Amino acid sequence: MAIERYNPREAETKWRNAWAEADVFRLSNDDTRPKYYVLEMFPYPSGRIHMGHVRNYTMGDVVARYKRARGFAVLHPMGWDAFGLPAENAAIKSKVHPAKWTYENIATMRAQLKTMGLSIDWSREVATCAPDYYRHQQKMFTDFFKAGLVERKKSKVNWDPVDMTVLANEQVIDGRGWRSGALVEQRELSQWFFKITDFADDLLTALDRLDRWPDKVRLMQRNWIGKSEGLKLRWVLDGAPAGFDELEIYTTRPDTLFGASFMAIAPDHPLAANLAANNPALAEFVAECKRMGTSAETIETAEKKGFDTGVFAVHPLDPSWKVPVWVANFVLMEYGTGAIFGCPSGDQRDIDFARKYGLPVVPVVLPADEPARAAGLAAIEAGTAFDGDGVMVNSRFLDGMSTDAAFDAVVARLEAQMLAGRPQAARQTNFRLRDWGISRQRYWGCPIPIIHCEDCGPVPVPAADLPVRLPDDATFDKPGNPLDHHPTWKHVPCPACGKPARRETDTMDTFVDSSWYFARFTDPFNEAEPTTRAVVDRWLPVDQYIGGIEHAILHLLYSRFYARAMKATGHLGLDEPFAGLFTQGMVLHETYRSAAGDWVSPAEVEVFTDNGQRHARHRQTGETIGIGSVEKMSKSLKNTVDPDEIIATWGADTARWFMLSDSPPERDVAWTEDGADAAHRFVQRVWRLTQEAAEIIPPAGTALPPVWSDAAIAVRKAAHKALAAVEDDIEKLAFNRAVARVYELTNALHKALGDAAGDASLKSALREGFEFLAIAIAPMMPHLAEACWESLGHRDMIVNTPWPQTDSSLVIDDTITLPVQINGKKRADVTVARAADVAEVQAAVLALDAVVKALEGKTPKKIIVVPQRIVNVVA
RNA sequence: GCGGGCGUGGUGGAAUUGGUAGACACGACAGACUUAGGAUCUGUUGGCGCUAGCCGUGGGGGUUCAAGUCCCUCCGCCCGCACCA
């Protein structure tokens with residue numbers, strides 16, 4: 001009897017409808033089973049989903065469906081990171097309102113995501129641009145404000161004078177606005193800040209406890225927070241203008257103070273500005289420094305440059321010793337005090353600088369042990385600083401001390417030394433982390449709920465007046481902030497005194513929106529409050545968060561801060577929102593280029609093999625197309641494939657299966673036609689074999705045979721081992737290995753199917769085997785799994801079927817075959833009882849022909865038996 | 001420059017974390033079935049011998065009974081970044 005090919009379009013629609021009808025993915029907050037919260041980073045509604053989304057959401061769905069089958073109450077929601085600049089750009093360009101643009105994109109993308117067959121509780125869907133979402137964000141802003149976690153202060157911004165708007169760093173290209181092309185100005189604006197620095201130390205130390213986060217991400221956050229322990233130290237100036245009696249510097253190496261040979265201040269240090277006023281050459285130098293770019297590349301390649309001010313600083317440990325004060329291009333005003341002392345022997349920048357300008361280089365720290373000491377000294381003479389720990393030299397009372405001891409000794413002395421009525425120095429912990437500026441001069445964002453009153457100052461909008469809604473009738477045809485232009489919106493009475501006042505027209509950074517959505521998902525039904533304490537505390541933290549590495553720092557750090565701020569204001573009860581984090585790799589594709597050099601999209605290209613060589617031609621024109629390297633999918637390289645087309649052609653299960661196969665999930669994966677084809681062939685194979693099996697196996701629920709044949713036992717072992725391995729692999733997110741285990745099981749079942757005639761117990765074993773196969777693929781290819789499950793005679797859906805318990809007596813063999821090495825090379829195998837002790841294994845090994853032959857009657861020097869692993873005979 | 005990661009067949013990748021290198025898949029080759037197949041099935045597929053043998057995880061060296069895995073060194077690629085005092 002011919003078996004019909006599996007039709008993914010029909011079957012996938014059928015099962016998705018069945019799940020929707022039964023509402024199987026709706027989660028009740030009253031569910032008392034153990035909880036599991038799976039979350040993938042929610043998408044920006046850019047218009048259409050891309051293959052990166054397919055990979056991300058497939059991985060999350062595997063975990064969600066698997067945990068569901070294991071009996072957990074799984075929270076697996078979806079929403080939209082819906083505020084942001086692209087919507088506003090679309091408004092300017094296409095005259096479409098940002099809200100319309102955004103909601104249309106959401107509708108498209110929601111429909112696309114639904115075709116993937118994700119086990120999402122759509123009743124919890126949120127969009128951050130919806131007033132019923134951002135009203136709670138505004139409430140929390142006012143709570144943070146009252147708790148002292150919000151601050152208004154001046155900060156430098158990139159200002160586009162044509163568009164009259166603030167630009168993000170990445171929107172400044174070669175010093176010009178990306179859209180207007182105008183030269184960008186640095187402007188000081190009053191901005192709202194969240195005081196993330198209040199939590200700097202806690203955000204740092206808590207990283208140690210996030211043991212289910214990638215080390216790489218934790219390291220990046222650690223570096224970003226950038227804690228350093230040092231000393232603030234004031235030097236008396238000699239020859240400086242009035243008002244500049246002292247120069248305060250910050251150093252992490254007070255131990256190297258006797259190696260000081262110059263002071264260096266930032267080009268925008270007040271002292272530099274003051275001196276430049278009467279010194280055209282210095283003014284020119286300062287201007288030159290400011291022209292220099294700030295990218296890592298320019299900075300790394302920039303030469304160390306300085307300008308001698310003629311001012312001197314008096315050494316704090318020797319009043320007779322004066323060091324020159326320079327302005328240097330490598331000192332940053334934003335960090336520490338904008339001034340340093342230069343110790344050339346201990347810092348590469350300082351030694352470069354000193355050698356360029358002929359300043360002294362005095363070694364003050366050298367390695368303790370002799371060969372290293374001489375090498376260190378030679379290196380310093382050759383221009384390489386020694387910045388390691390060691391022993392003090394040329395440092396008077398510090399000589400012979402360790403670096404640490406010298407640090408403490410200098411600090412102790414300078415803390416006790418008074419200058420102008422205060423200790424001359426004080427220990428200080430510095431952080432690189434700055435407060436989080438959230439003000440954006442844009443329309444399409446969450447309005448900052450503040451009203452500015454001449455008498456009362458900034459007043460938070462009362463809770464009863466929330467949300468502060470965006471006006472629908474904003475216009476986008478002139479530069480600047482549409483909220484500011486709006487004729488009426490900003491004019492309101494002061495909530496405190498009733499006098500005419502005006503609204504804050506800045507909106508919040510969209511990172512605020514995404515810093516708490518995971519908490520909102522726990523109870524998006526609560527209209528009164530952002531969260532419901534009993535609910536949010538039950539479901540958080542997110543057990544498994546999955547997303548791209550590009551959010552390693554900002555989004556994840558802001559969310560960690562936000563959880564702390566929400567805790568401080570009573571909105572939830574924990575510090576760390578994400579217990580487990582996984583960062584998945586990107587999706588790549590081969591690139592294609594026409595003879596004219598234009599990029600050609602994969603959809604237009606036909607790849608064929610001729611004489612073992614891969615070639616490509618244009619599907620329509622037949623033109624020869626060059627095959628290029630495999631690159632990250634991008635519009636500019638045109639090497640994207642459209643998930644809609646993939647799903648229409650092959651079905652969602654094929655796309656999902658491909659995304660999980662082969663490449664480890666944290667690594668990049670290249671989408672290939674061959675791979676998709678192979679994944680689809682496997683879909684058909686599982687279906688076909690299941691149909692074949694269904695014709696011969698006993699009906700569902702038939703009693704198990706009292707005795708199993710050897711072939712039946714072999715099938716049962718294969719099935720139980722495969723399922724146990726899949727469990728283990730999914731728990732570890734090793735989806736590629738789970739896929740391999742499924743292939744192995746399928747191969748075993750296929751082989752056994754041919755031998756089943758006349759062996760009733762084998763047929764029973766095959767029922768179990770094919771059921772296990774369906775169970776094993778269910779998290780990965782859920783539609784196919786349902787179809788197979790139905791074919792196997794089940795009336796309940798597999799989505800409601802608990803994951804079976806594997807039988808450990810079938811998973812663990814009672815005899816094992818160990819490889820036998822002679823002198824480290826494998827020469828034989830030995831099969832022994834699993835429980836065999838070392839002596840028994842040795843005896844069995846010594847009886848092997850290969851061993852007897854190799855030993856030639858001699859006694860082996862040693863026999864190493866590694867239980868359950870290997871035997872090595874040393875002759 | 002600093003920090004992190006990686007290097008395994010023609011390709012993507014496995015390898016129980018010091019214990020049989022190449023699981024599984026792609027591709028390729030040969031054959032079967034077929035009107036046909038880009039379907040399906042059966043084989044083969046790291047290299048050299050092609051016989052019971054030797055070599056082989058970027059190169060070189062080391063530790064060990066045993067190294068893809070640990071150490072040293074060199075080469076190559078990728079990612080991140082902050083001239084952070």
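First the proteins, then the strands, lettered A, B, ... as listed; each starts at 1. Computation of the quantities below employed the complete heavy-atom set of this structure, encompassing side-chain atoms and omitting hydrogens, waters and symmetry-equivalent molecules. Everything numeric here is computed off the predicted structure, so don't read it as measured data.
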Taking for each residue the nucleotide of RNA chain B bearing the nearest heavy atom, is the 5' side occupied by A:I225 or by A:A339?
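Whichever sits nearer the 5' end wins; that is A:I225.
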
Nearest nucleotide by nearest heavy atom, which residue falls closer to the 5' end of RNA chain B, A:I553 or A:V739?
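Closer to the 5' end of RNA chain B: A:V739.
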
Ring geometry between A:Y357 and A:W326 (parallel below 30°, tilted from 30 to 60°, perpendicular above 60°):
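Tilted, since the angle between the ring planes falls between 30° and 60°.
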
Restricting to nitrogen or oxygen on both sides, can you table the protein-nucleotides 9-13 of chain B pairs closer than 3.5 Å?
from, atom 1, to, atom 2, distance (Å)
B:G12, O2', A:S663, OG, 3.2
B:G12, N2, A:D662, OD1, 2.7

If I pick the [atom1] atom on [M] and the same atom on [N], what distance separates them, to the nearest angstrom?
N: B:U16; M: B:A23; atom1: C1'; value: 12 Å
N: B:G13; M: B:C6; atom1: C1'; value: 14 Å
N: B:U8; M: B:C24; atom1: C1'; value: 15 Å
N: B:G9; M: B:C29; atom1: C1'; value: 16 Å
N: B:A30; M: B:C74; atom1: C1'; value: 44 Å
N: B:A66; M: B:A21; atom1: P; value: 14 Å
N: B:G68; M: B:G59; atom1: P; value: 11 Å
N: B:C48; M: B:U63; atom1: C1'; value: 30 Å

Can we call the ring centroids of [X] and [Y] under 6.0 Å apart?
X: A:W213; Y: A:F582; answer: no
X: A:W657; Y: A:H680; answer: no
X: A:F262; Y: A:F341; answer: no
X: A:W650; Y: A:F658; answer: no

What nucleic acid atoms does [X] come within less than 4.0 Å of, heavy atoms only: base, sugar-phosphate, or nothing?
X: A:R827; answer: sugar-phosphate
X: A:L219; answer: sugar-phosphate
X: A:Q821; answer: base
X: A:D674; answer: sugar-phosphate
X: A:V331; answer: base
X: A:K861; answer: nothing

Distance, rounded to the nearest Å, where [X] contributes [atom1] and [N] contributes [atom2]:
X: A:R349; N: B:A82; atom1: CZ; atom2: C1'; answer: 10 Å
X: A:E631; N: B:C77; atom1: CD; atom2: C1'; answer: 13 Å
X: A:I549; N: B:G4; atom1: CD1; atom2: P; answer: 15 Å
X: A:I816; N: B:U20; atom1: CD1; atom2: P; answer: 13 Å
X: A:W657; N: B:C24; atom1: CH2; atom2: P; answer: 14 Å
X: A:D215; N: B:G80; atom1: CG; atom2: C1'; answer: 15 Å
X: A:D729; N: B:A23; atom1: CG; atom2: P; answer: 17 Å
X: A:E334; N: B:A85; atom1: CD; atom2: P; answer: 15 Å

Of the candidate nucleotides [options], which contains the atom at the shortest distance from the side chain of [X]?
X: A:P819; options: B:U20, B:C65, B:A85; value: B:U20
X: A:L332; options: B:C65, B:A23, B:A85; value: B:A85
X: A:W224; options: B:A82, B:C54, B:C65; value: B:A82
X: A:R432; options: B:G19, B:C84, B:C83; value: B:C84
X: A:N747; options: B:C24, B:A85, B:C79; value: B:C24
X: A:Y743; options: B:G19, B:A25, B:A82; value: B:A25
X: A:K826; options: B:C65, B:A82, B:U20; value: B:U20
X: A:V874; options: B:G80, B:C65, B:A82; value: B:C65

Which helical stems does RNA chain B take part in, if a stem means at least 3 consecutive Watson-Crick or G-U pairs with both distances below 3.5 Å?
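Only these stems qualify: B:1-7 with B:75-81, B:10-12 with B:24-26, B:27-32 with B:40-45, B:46-48 with B:53-55, B:58-62 with B:70-74.
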
For B:U45, does the O4'-C1'-N9-C4 or O4'-C1'-N1-C2 angle fall within 90° of 0, making it syn, or is it anti?
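This nucleotide is in anti.
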
Assigned glycosidic conformation for B:G5 [threshold 90° from 0]:
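With its glycosidic angle more than 90° from zero, B:G5 counts as anti.
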
By the side-chain hydrogen bond (donor to acceptor under 3.5 Å, both in side chains) test, which pairs, at least two apart or in different chains, include something from residues 330-353 of chain A?
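Every side-chain hydrogen bond (donor to acceptor under 3.5 Å, both in side chains) pair that includes a residue of residues 330-353 of chain A, provided the two are not neighbours, is A:S228-A:Y335, A:D347-A:R349, A:Q348-A:D352.
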
Please determine, by modelled atom types, if [X] and [Y] share a side-chain donor-acceptor pair under 3.5 angstrom.
X: A:R685; Y: A:N747; result: yes
X: A:D435; Y: A:T197; result: yes
X: A:N223; Y: A:Q221; result: no

Side-chain N,O (A:R434) to OP1/OP2 (B:C84) below 4.0 Å:
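No, A:R434 has no side-chain N/O under 4.0 Å of OP1/OP2 on B:C84.
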
Presence of A:K216 side-chain N/O under 4.0 Å of B:C81 phosphate oxygens OP1/OP2
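Negative; the distance criterion is not met.
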
List in chain and number order the residues that pass side chain to side chain contact (heavy atoms under 4.5 Å, CB included) with A:R827, two or more places apart in sequence or in another chain; answer none if no residue qualifies.
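For A:R827 the side chain to side chain contact (heavy atoms under 4.5 Å, CB included) partners, ignoring immediate neighbours, are A:I822, A:K825.
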
Can you see which heavy atom on A:A850 is nearest to which on A:A828, and at what distance?
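For A:A850 and A:A828, the tightest heavy-atom pair comes out as CB-CB, 4.1 Å.
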
Which atoms form the tightest heavy-atom contact between A:T403 and A:R253, and what is the distance?
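Heavy-atom minimum between the residues: CG2-NH2, 3.4 Å.
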
Filtered N/O pairs between nucleotides 32-42 of chain B and protein, under 3.5 Å:
from, atom 1, to, atom 2, distance (Å)
B:U40, O3', A:R688, NH2, 3.3

Given the structure, check if the side chain of A:K304 and the base of B:C83 hold any donor-acceptor pair shorter than 3.5 Å.
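Answer yes: a donor N or O sits under 3.5 Å from an acceptor.
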
Identify whether the distance between the nearest side-chain nitrogen and carboxylate oxygen of A:K717 and A:D813 falls below 4.0 Å.
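Looking at A:K717 and A:D813, the cut-off is met.
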
When you measure from the centre of the six-membered ring of A:W224, is the NZ or CZ of A:R432 closer than 6.0 Å and no more than 45° off the axis?
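Verdict for A:W224: a cation-pi partner in A:R432.
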
In chain order, what residues pass the side-chain hydrogen bond (donor to acceptor under 3.5 Å, both in side chains) check against A:D201, with sequence neighbours excluded?
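Listed in chain order: A:K227.
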
